[in-house]
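All heavy atoms count here, side chains included; hydrogens, waters and symmetry mates do not. Just follow the structure's listing: the first ligand is 1, and inside any ligand the first atom is 1. In what follows, residues are counted from 1 in the order of the sequence shown.
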Amino acid sequence: MSPLKLVAAGVTDVGRVREGNEDGFLDESLRLGVVAVADGMGGHRAGEVASATALESLRAAIADGRPLRDAIVDANDAVLEKSVSDQQLRGMGTTLTAGTLGTDGNLVIGHVGDSRAYLFHDGELTQITDDHSLVEEMVRTGELTPEQAESHPQRSIITRALGIDPEVEVDVYPVQLGVGDRVLLCSDGLTTMVRSEDIAGILEREPDPERAAQLLVDAANAAGGEDNITAVVVEAVEDETALAAEPEAVEDDTSELAPRRKRRRRGRGRTMLRVLLWVLPVLAVLALAFGAVGWYARRTYFVGADNSRVTIFKGRPGGVLGWDPTVEKHSAIETSELTANELDDVKSKKTFSSRSGADDYVRRLRTTVQKRQEQTTTTTVPPTAAPPAPAPVP
Ligand code: MG
């Protein structure tokens, strides 16, 4: 498996109704392999302080090598500590949905509250996290349908948050990512305003993570922007630098956390060597197989039509496993000069095992066409020789 890295971009916006933005996000995808979204609450500036405190604490804990779950517990402690030590911040809290990525594509999502993580894989959007909200619990117990929950007046009441209680239960979801997979972290200001089909449509259409995040925020604002809106779009891409040289970029770490840890570095050189020893023969076999398919695909010629001309192609009609046929030679024969039978013959794309076979076929066809044209010109009276039409007699 090739090493992966996260490419991420986030956008946060106050929306169109609220006065301040209590949302925040963390994008340390390049340096620490961690991203997060936090939605603070508490009124005045307390909500802003809660989300910012949680994100900064998370960042510091991950940088110290703490596993994600522990890092989120640390963030809970940090917000609670600030809350009890400052009268103006009393009662503040925040959601936190965070992701860490290992170089093997193992993403771990840690989650408290009603911000969400989604996986976008193969054009399909799947919600990874369960909301810790009143309405979501009512949906789980069957008291509400998901449709009723969407418009329920109490849909913003959450049942779990950071900074409220010394104990916090963190949900952890492992997700295996492949190249091109996307993960969306977002606050409820996006998901209460924009339907999931529309979110999926934007992630499908816009390849650039930053523009995709901006388009999601724009869509929430267009729908009313009733809350602060935050979207972080994360994409798993191949990490060529890790493949090429840097043995330390490969983790020998099967725990839930993946960012770099200084104290674990000794094992990594060996891991890279093991990976290379395993990968190189596989690559060699694949290259041989690919070459063999290419040889098979490219040793054939066929005659077809291109730009209304009878044309010799190299390759097999329709191509084989990515080896597409290429134009070898355009002949002087226009397809309009062919009879219906000859045209059918050309359209059936006759194949030949050598170039000379294809050349012979085209030569015979040209001879037939020329003979036919000579006959036509000798038996038909040229229009210029025709006598002028008699003038109509009144
Ligand atoms: Mg919100």
Between Asp13 and Asn21, a side-chain donor and acceptor under 3.5 Å: no
Donor-acceptor side-chain pairing of His111 and Asp130 below 3.5 angstrom: no
Other residues, nucleotides, ligands: >12 heavy atoms within 6.0 Å of Arg45 CZ: no
Metal site the Mg ion (ligand 1): N/O/S of [X] inside 2.8 Å:
X      : value
Asp227 : yes
Asp114 : no
Glu22  : no

Pair Phe313 and Tyr301, ring centroids less than 6.0 Å apart: no
Nearest to the Mg ion (ligand 1) - the N/O/S atom of Asp188, by atom name: OD1
N/O/S atom name from Asp39 that is nearest to the position of the Mg ion (ligand 1): OD2
Test side chain to side chain donor-acceptor pair (under 3.5 Å) applied to Ser187 and Asp23, step by step: CA-CA 7 Å; Ser187 65; Asp23 280 2; 2.8 Å; yes
